[in-house]
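Read through the structure below, which is laid out as structure tokens, and then see the notes.
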Amino acid sequence: MKKIILIHGPNLNLLGERAKEHYGDVTLAKLEKIVTKEAEKSGVKIIAFQSNHEGGLIDFLQKNRKKADGIIINPGALAHYSYALHDALLDSQIPSVEVHLSDIGQREKWRRVSVTASACKKIISGKKIEGYLEALHYLSKI
Ligand code: DQA
């Protein structure tokens, strides 16, 4: 059975409450459920994790990378400055897709750059929850 890690960075535990104009009103639990159900249709297992701590995300990736075939990651604000997370994604040696609910290219200047994206096969931004399903379908096929 193919396994895909679904990982969320800082503040994304507050989805459904925070900045709904950017992130919509779906909670993280609901989002994980939707992705898990969609994955089940093609026999893929989702391993979900969220942390507000950079090191927590890196520890999780290091611990689980050998058990998984792909990574869907929304790094939250860490996307804009975490070279450590970039390296952890690269070192995982499995294909990753970076997803952002909002369109980071259309927001504040500091959000327009993602330093983690170059460790990923693909970046999907601004498609809300659809972005995760697109990432899932992409990873299920490779
Ligand atoms: C986000 C965009 C980031 O800039 C922000 O810090 C987030 C959420 C998104 O999903 O659009 O926490 O990753």
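Side chains included, hydrogens not; waters and symmetry mates left out as well; all remaining heavy atoms used. In listed order, ligands and their atoms are each counted from 1.
Within the 4.5 Å cutoff, side-chain heavy atoms of Leu12 are placed close to those of Asn74. Taking 4.5 Å as the limit, every side-chain heavy atom of Ile47 sits out of range of all side-chain heavy atoms of Ile4. Looking only at side-chain heavy atoms (C-beta outward), Leu139 and Asp69 stay at 4.5 Å or farther from each other. Put simply, the side chain of Leu85 reaches to within 4.5 Å of the side chain of Pro75, judged on heavy atoms. Proximity of Glu32 to Ile46: side-chain heavy atoms (C-beta onward) are nowhere separated by under 4.5 Å. At least one side-chain heavy atom of Ile123 sits under 4.5 Å from a side-chain heavy atom of Ile104. Counting heavy atoms from C-beta outward, Arg111 and His80 have side chains that approach closer than 4.5 Å.
From the protein, the heavy atom lying nearest to atom 1 (C) of ligand 1 is His100 ND1, 3.6 Å. When only non-hydrogen protein atoms are considered, atom 9 (C) of ligand 1 lies nearest to Leu101 N, 3.4 Å.
The shortest N or O to N or O distance between Val99 and ligand 1 is not below 3.5 Å. Where the criterion is an N or O separation shorter than 3.5 Å, residue side chain and backbone included, Ser102 meets it with respect to ligand 1. The distance criterion of under 3.5 Å between nitrogen or oxygen atoms is met by Asn74 with respect to ligand 1. Not one N or O of Ile104 is nearer than 3.5 Å to an N or O of ligand 1, by distance alone.
The contact set between ligand 1 and Ala77, taken as ligand atoms under 4.0 Å from a residue heavy atom, comprises 5 (C), 6 (O), 12 (O). For ligand 1, the atoms sitting less than 4.0 Å from at least one non-hydrogen atom of Arg18 are 7 (C), 12 (O), numbered in the order shown with element in parentheses.
At a 4.0 Å heavy-atom cut-off, ligand 1 does not touch Lys128 at all. Of all the heavy atoms of His80, the ones lying under 4.0 Å from any atom of ligand 1 belong exclusively to the side chain.
Because its NZ or CZ atom is not both nearer than 6.0 Å to the ring centre of Tyr23 and within 45° of the ring axis, Lys128 does not count as a cation-pi partner of that residue.
Look at Glu98 and you'll find every heavy atom at least 4.0 Å from all atoms of ligand 1.
For atom 6 (O) of ligand 1, the nearest non-hydrogen atom from the set Arg111, His8, Arg112, Glu108 comes from Arg111.
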